[in-house]
2 protein chains.
Amino acid sequence: MNQAEREMLPSRRIADALRRSIAERTFRPGDRLPSERDLAARYRTARNTAREAIGLLQAEGLVDVRHGKGAFVRRQTPMIRLGADRYSNRVRRETGLSPFRAEAQRQGKTARVDVPEIGRIKPPTDVAARLNVPEDDLSVVARVNHYFADDDPVQIGITYIPWAIAEGSVLATEAKTGTGSIYARFEELGHRITRAREEITARMPRPDETVALAIPPGVPVVEVLHTGIDQEGRAFEVTRFVMRADLNGLDYDLPVED
Amino acid sequence: MNQAEREMLPSRRIADALRRSIAERTFRPGDRLPSERDLAARYRTARNTAREAIGLLQAEGLVDVRHGKGAFVRRQTPMIRLGADRYSNRVRRETGLSPFRAEAQRQGKTARVDVPEIGRIKPPTDVAARLNVPEDDLSVVARVNHYFADDDPVQIGITYIPWAIAEGSVLATEAKTGTGSIYARFEELGHRITRAREEITARMPRPDETVALAIPPGVPVVEVLHTGIDQEGRAFEVTRFVMRADLNGLDYDLPVED
DNA sequence: AGCCAGCAGTGGCTTAAGCCAGTTGTACGC
DNA sequence: GCGTACAACTGGCTTAAGCCACTGCTGGCT
């Protein structure tokens with residue numbers, strides 16, 4: 001019943017028909033779908049219902065709806081892949097850039113970094129746990145990164161560093177020079193990054209992220225919680241970053257242990 | 001204007017108020033929100049508008065709506081993490097299971113495998129490219145996996161193997177015995193998995209995936225394209241799997257190369 | 001005690017109508 | 001020739017009303 005009835009629902013029927021037309025390339029990427037009023041007339045339903053159908057396609061990421069213009073079949077955008085060499089010390093040495101910024105460069109894109117917040121803050125519990133910091137005891141420095149590709153914001157992130165490491169001039173210097181020299185400071189203090197742990201999930205964006213990343217409706221974000229680990233197994237840096245899932249991917253080259 | 005006006009829209013106003021109440025824990029995880037009719041009366045709007053507001057929260061993954069019962073603040077479900085030891089040869093040797101199945105066991109969950117399709121098929125272009133197979137030349141065997149945790153479907157996937165490897169009895173045997181011995185066959189033919197490449201992205205589920213994985217509205221899926229690479233750098237197996245993003249995460253332990 | 005029918009409350013979906021706002025082409029006036 | 005105002009399109013959002021299906025409780029019957 002459920003299945004059969006679902007097929008009968010006008011909004012689903014219209015959505016299905018449009019979806020099929022897109023799959024069969026009757027409507028091709030970039031094409032405009034019939035207007036809501038057209039669809040309503042054609043399927044003898046209320047405009048609301050036709051609108052609902054288009055809303056479903058939008059939620060699936062199949063179409064882009066533009067106020068005053070219409071609903072357009074979304075082009076298959078080639079994804080910007082974040083490469084597996086993101087955490088190579090060689091890249092870091094040669095470029096002097098922090099990993100994400102190096103990545104942005106490697107992609108041949110312009111990158112900018114904003115440092116709007118520097119100071120001692122209380123880290124979220126999951127970050128505190130990964131840094132082995134008693135949550136209410138030691139504070140952490142946060143640095144906010146914005147990455148852009150051709151002026152489109154691609155990624156926003158925040159790095160948490162124990163205050164002991166941040167103290168001194170590292171962050172202030174970095175903010176001034178924009179050289180991303182934070183890893184130099186890490187090495188001064190005896191932390192050489194040896195392993196990284198990355199925990200990955202995806203979710204729908206929060207409203208602020210929708211704005212910051214200019215995310216169209218229906219597009220999820222990938223969230224990565226990155227932990228940098230030094231030669232003695234100590235976690236000394238945690239970065240949480242969020243990126244649009246439709247323009248980005250993660251690409252890992254994993255050794256298989258014996 | 002945009003910002004101010006957006007605040008004025010009744011549906012946004014209601015959604016904002018509810019979102020704030022949830023953040024302030026006036027409504028806690030598991031609590032039921034006021035009914036659509038209640039909200040409409042309280043905010044002096046039509047029921048449709050209150051419904052729209054709840055729809056927004058649902059799309060953000062904040063609430064679960066249950067027919068006949070109400071809208072409930074979603075509990076923070078502890079994610080089932082797919083561990084970093086997924087591709088250890090040791091795991092494979094000791095358990096005799098294929099990696100994903102080993103993982104499902106490691107999590108202490110029941111796992112089942114369906115093998116509804118076995119045969120020569122034409123692989124999608126991206127798979128053909130990763131197996132270095134001329135797309136229209138060599139066919140590929142597909143195996144469909146379903147993984148369950150406590151009877152809830154968690155992951156669906158399909159593995160593509162060049163016909164030369166699949167030929168013989170491997171897949172049929174596996175289907176019969178359920179022992180996941182496919183890696184034994186790989187080794188017979190001189191392919192020992194040494195590296196894996198994983199390409200990760202996220203998107204909204206397709207309708208069939210919504211059904212297969214019982215995905216609530218507003219929850220994205222994580223899609224992984226896994227390529228197994230042998231000791232000579234040859235790709236010999238590609239698996240594409242999809243999982244609910246709200247119950248699962250990927251967890252990588254990455255060596256940082258020098 | 002146990003079952004079951006009915007009722008009240010919930011969300012699911014639709015219709016019909018209207019007003020607002022962004023977009024684009026055109027006809028008119030200078 | 002140019003520009004401006006308008007008309008005719010587009011989607012955005014809301015109201016008001018109704019019917020359906022699912023849920024859970026309650027009270028009455030066996």
Side-chain angles (χ1 to χ4, degrees), chain A residues 1-18 27 30-59 62-74 207 210-211 214 216-218, chain B residues 1-18 27 30-59 61-74 207 210-211 214-218:
Chain A
M1 177 182 71
N2 220 338
Q3 182 70 3
E5 242 185 16
R6 201 172 285 198
E7 295 299 309
M8 295 304 298
L9 287 180
S11 60
R12 309 301 211 279
R13 264 173 36 78
I14 300 176
D16 282 357
L18 292 175
F27 297 120
D31 286 359
R32 214 201 71 189
L33 297 184
S35 76
E36 296 174 351
R37 288 168 177 88
D38 273 1
L39 287 172
R42 204 171 300 183
Y43 289 90
R44 304 175 160 281
T45 71
R47 187 185 146 209
N48 269 348
T49 303
R51 181 175 173 72
E52 168 83 9
I54 290 184
L56 292 174
L57 300 185
Q58 192 185 25
L62 271 180
V63 304
D64 267 329
V65 181
R66 295 202 281 267
H67 189 174
K69 303 182 77 171
F72 298 82
V73 179
R74 190 174 280 179
T210 304
V211 174
Chain B
M1 177 182 68
N2 220 339
Q3 183 68 3
E5 242 185 16
R6 198 171 288 195
E7 295 299 310
M8 294 304 298
L9 287 179
S11 61
R12 309 306 209 276
R13 262 173 38 77
I14 299 176
D16 283 355
L18 292 175
F27 297 120
D31 286 358
R32 214 202 70 188
L33 298 184
S35 76
E36 296 174 352
R37 289 167 176 86
D38 272 3
L39 287 172
R42 204 171 300 182
Y43 288 90
R44 304 174 159 282
T45 72
R47 187 186 147 210
N48 269 349
T49 303
R51 181 174 173 71
E52 168 82 11
I54 289 183
L56 292 174
L57 300 185
Q58 191 185 24
L62 271 180
V63 304
D64 266 328
V65 181
R66 295 202 282 267
H67 191 172
K69 303 182 74 171
F72 297 82
V73 179
R74 190 173 279 178
T210 304
V211 174
I215 301 180

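No hydrogens, no waters, no symmetry mates; every other heavy atom, side chains included, goes into these values. Protein chains get the first letters and strands the later ones, always in sequence-line order, with residue 1 at the start of each.
Less than 4.0 Å separates DNA chain C from at least one heavy atom of each of the following residues of residues 30-42 of chain B: B:R32, B:S35, B:E36, B:R37. Near-neighbour residues of DNA chain D inside residues 63-70 of chain A, defined by a heavy atom below 4.0 Å, number-ordered: A:V65, A:R66, A:H67, A:G68, A:K69, A:G70. Using a 4.0 Å cutoff on non-hydrogen atoms, the parts of residues 49-57 of chain A near DNA chain C are A:T49, ordered by number.
Atom-to-atom distance recorded for A:L18:CG and A:R13:CZ is 11.0 Å, nearest 0.5 angstrom. For the atom pair B:R37 CZ and B:R42 CZ, the distance stands at 15.0 Å (nearest 0.5 Å). A distance of 10.5 Å separates OG1 in B:T45 from CD in B:E36, rounded to the nearest 0.5 Å. Distance CD/B:Q58 to CZ/B:R74: 8.0 Å, rounded to 0.5 Å.
When the P atom of C:dT14 is taken as reference, atom OH of A:Y43 falls 14 Å away, rounded to whole Å. Between the C1' atom of C:dA16 and the CZ atom of A:R44 lies a distance of 16 Å, rounded to the nearest Å. Between the C1' atom of D:dA17 and the CG atom of B:N48 lies a distance of 10 Å, rounded to the nearest Å. Note: CZ (A:F72) to P (D:dT10) measures 11 Å, nearest angstrom. Between the CZ atom of B:R47 and the P atom of C:dT14 there is a distance of 13 Å, rounded to whole Å.
Phosphate proximity of C:dC13 to A:R12: present, with a side-chain N or O under 4.0 Å from OP1 or OP2.
Residue A:A53 comes nearest to A:S11 through the heavy atom pair CB-O, 3.4 Å, listed as atom of the first residue, atom of the second, then distance. Across all their heavy atoms, B:A17 and B:Y43 have their closest contact at CB-OH, 3.3 Å. The shortest heavy-atom contact between B:A50 and B:I14 is CA-CD1, 4.1 Å. Smallest separation of non-hydrogen atoms from A:F27 and A:P34: CZ-CD, 3.7 Å.
None of A:V63, A:V65, A:D16, A:V73 except one satisfies the side-chain contact (heavy atoms from CB on, under 4.5 Å) rule with A:L57; the exception is A:V63.
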Step by step, would you call B:I54 with B:L39 a side-chain contact (heavy atoms from CB on, under 4.5 Å)? CA-CA 10 Å; B:I54 289 183; B:L39 287 172; 3.8 Å; yes
